[in-house]
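By convention in this document, chain letters (A, B, ...) are assigned in the order of the sequence lines, proteins followed by strands, and residues within each chain are numbered from 1.
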There are 2 protein chains.
Amino acid sequence: MQLDERKTKILQAIIRNYLETGEPVGSRTISKYTDLNLSSATIRNEMADLEEMGYILQPHTSAGRIPSDMGYRFYVDAMMAEKEREVDEMKEMLVERQDKMETLLKQVVKVLAQNTQYATMISAPSTHRNKLKFIQLSRVDASHILAVIVIEGNVIKNNILEVNEELSDETLLKLNILLNTNLNGLSIEEINLGMIATMKQQAGIHSDIVSEVIDAVAQSIKADEDLEIYTSGTNNIFRYPELADQQRASELINTFEEKQQLTGLVQETLLDENSTGIQVYIGNETPVQSMKDCSVVTATYELGEGMKGTIGIIGPKRMDYDKVIRTLRNLQNQLDELYKEEDK
Amino acid sequence: MQLDERKTKILQAIIRNYLETGEPVGSRTISKYTDLNLSSATIRNEMADLEEMGYILQPHTSAGRIPSDMGYRFYVDAMMAEKEREVDEMKEMLVERQDKMETLLKQVVKVLAQNTQYATMISAPSTHRNKLKFIQLSRVDASHILAVIVIEGNVIKNNILEVNEELSDETLLKLNILLNTNLNGLSIEEINLGMIATMKQQAGIHSDIVSEVIDAVAQSIKADEDLEIYTSGTNNIFRYPELADQQRASELINTFEEKQQLTGLVQETLLDENSTGIQVYIGNETPVQSMKDCSVVTATYELGEGMKGTIGIIGPKRMDYDKVIRTLRNLQNQLDELYKEEDK
DNA sequence: GTTAGCACTCAATCAAGGAGAGTGCTAACA
DNA sequence: TGTTAGCACTCTCCTTGATTGAGTGCTAAC
């Protein structure tokens, strides 16, 4: 059987109606809702076909129909193919320029949650393709030195190292110069064993510290990478009865609190990236188990080359895909601009 | 009317039973549960008295009794007065020594939630009585310098400052020495205007930067102070039917996500501190509106003098007060030890 | 191919009727 | 005088059955 034009229209009408109401939609409703001028009986026949084809389903024998995951998928694909809509609203909402990445991300995710009324998340831009801007070792007290690592985009990491011997000021200065001249401007991947060997040699008796620092650099970047995720609007799930029962709500809330459960989503997103950077996961398509009754829309954002992060919106399957996608596009642009400004 | 010994025993029996079951408890249950050897009829008479006195109440005419807020209060006060119980379990759970305060706090709050099966929160120790350990300015690029501020307890704050003119290495070095010699070992309050004036004078043409740095120090410490709160186990509220309905759950979860709503709790706790540092808020006693159907147990912890933070456990009114308080005492001790170790 | 009509199904709602838990009160007992 | 047994009463909860209404599938007519 084929999805002819009439079937498509009916399917879309069903989905759109369901998105609004959250209730199963019957043949009579469609008969009046669309401008097809068909009787409910005809619609019923078509609906039976659509059900057989797997686009819609009945919660129980004498209820209306609701979209299946496959139905949503069809709807979303059709919509994504449409040309982009104009973007304007929400333009000013974002903030003055922010030094602190963390504050910026928290603000973004909050605004987004308020705007969409769904639960939202954002991952800090991954740094591992990024260039080291600056390293600084300082003595904190007799047995500890502080390593401050600044990465392009002004992301700052701190690390306290324990040392056995007390280091003199000159030694520290030397080490600082050594580290900076050798490593600045390099990405994490570009630091290879050969370089490390050379540096250790140059460091003489303090070669231990060199390797400790490099370990720290690698480690501290890796460590946070999969954890820096901010969320907002978790309690929006209670707006949607189909997600609000205790079992589901509890699991979802747990996922949002234990943020490392969200890393799967981030990874998946960065993996199967498409041209727009926007993806839609419906129901079981999502990589996070607890969201199997939700839809998830993700967008990749870029803060200069290589600095990619993920934004996610989590809501019911009957999410307002249109609005969500528009909002995310918009946000992508804004973040892009923000970066350019900062760079000036 | 007076609370004689028998009434007290009956009241405690009622509360204890209710803590376990969460169901209203009837006279027959108490008649068998206690070793008083009284018939249910006698218990009924006493219960009528207790109700009149306000310690218990009936959800509806022919249900058993449940404790009122006042009843809980009586129970908790009586319990707190008892001598401390022995502490042992959970001893090893805490961690190897942690450099990063943040990681430590996150771990603590998580372990606590798993242990108690309630929702938990912890506030980072307030720093404003604390001593500056170390300041370091570094040039990041032509127009930005990075100020790293380390405070006793190895709390690290970063701050990027914009400068108009490019600063030479020598200038930076001079400024670093100036700042450190003048400010190290001082608490935020001890930095007064006279000192700042002297420093500015010594800094000559770079006096702008001195004030900017000091501003940054003050600001960055203040800024985080009321926001660094970590939570865990939010979804534990679903274990308790009396908290799990949508309205309440949604509000609570929102409170836990918008952590600044919890600052009220922290402030309150630090304010009406008692000798043990442990407080119990029952129902409407809690300073956070959304928790009016919960009980909140808070503990003040100290990481060296002046570094005080708050731990909170939020659960239903029929919380296992005994266990919670024991656990918190335990934790206080452990954190205390941890600090001493770190100081060595 | 479309539509009207009818029989059928099922969830949701409501009222009625018990069952069960628990109470208050009274009268008897030690 | 304090305690207890017993009984009538109250109220929630659960079950049951009837009703309603939305929606369907099928068939026959247009």
OP1 or OP2 of C/dT23 less than 4.0 angstrom from a side-chain nitrogen or oxygen of B/Ser27, does that happen here?
yes
Measure the distance from CG on A/Asp49 to P on D/dT24 and round it to the nearest whole Å.
14 Å
Side chain of A/Ser39 only, please: which of D/dT4, D/dG23, C/dT3 is the nearest?
C/dT3
Charged N to carboxylate O under 4.0 angstrom, A/Asp77 versus A/Arg73?
yes
To the nearest Å, how far apart are B/Met47 CE and C/dA21 P?
15 Å
Opposite nucleotide pairing with D/dT1, Watson-Crick or G-U, both atom distances under 3.5 Å:
C/dA30
Does B/Thr61 reach a base, just sugar-phosphate, or nothing at all? Heavy atoms under 4.0 Å.
sugar-phosphate
If you pin A/Leu38 and B/Ser40 to their nearest nucleotides in DNA chain C, which one's is more 5'?
A/Leu38
Just one of A/Lys7, A/Arg65, A/Lys9 clears the salt bridge (charged side-chain N to carboxylate O under 4.0 Å, His left out) bar with A/Glu46, so which one?
A/Lys7
Protein-nucleotide distance (B/Arg28, atom CZ; D/dG6, atom P), rounded to Å
13 Å
Roughly, in whole Å, what's the span from NE2 in B/His60 to P in C/dT23?
11 Å
N or O in side chain of B/Arg44 less than 4.0 angstrom from D/dG6 OP1/OP2
no
Return the value, rounded to whole Å, for the distance between atom CG of B/Leu36 and atom P of D/dG2.
17 Å
Identify, between A/Val25 and B/Arg6, the residue whose nearest nucleotide on DNA chain D lies closer to the 5' end.
B/Arg6
Hey, does A/Ala63 reach any base, or is it just sugar-phosphate, or nothing, if we go heavy atoms under 4.0 Å?
sugar-phosphate
Please evaluate the base of D/dT10 for a donor-acceptor partner in the side chain of B/Ser62 within a cut-off of under 3.5 Å?
yes
Whole angstroms only, please: what is the CD1-P distance between B/Ile43 and C/dT23?
10 Å
Figure out the CG/P separation between B/Leu57 and C/dG22, and round it to whole Å.
16 Å
Checking N1-N3 plus N6-O4 or O6-N4 for Watson-Crick, or N1-O2 and O6-N3 for wobble, each under 3.5 Å, the partner of D/dC30 is C/dG1
Pair assignment for D/dG6, Watson-Crick or G-U wobble, requiring both distances under 3.5 Å
C/dC25
In whole Å, what is the span from the CD atom of B/Gln58 to the C1' atom of C/dT23?
7 Å
Taking atom CG of A/Asp35 as the centre, report whether more than 12 heavy atoms of other residues, nucleotides or ligands fall under 6.0 Å from it.
no
Sub-3.5 Å donor-acceptor pair from the side chain of B/Thr327 to the main-chain atoms of B/Lys323, do we have one?
yes
If you compare every side-chain N and O of B/Thr42 against the phosphate oxygens of D/dT4 (OP1, OP2), does one of them come in below 4.0 Å?
yes
Is there a side-chain contact between B/Ile253 and A/Phe256 (heavy atoms, below 4.5 Å)?
no
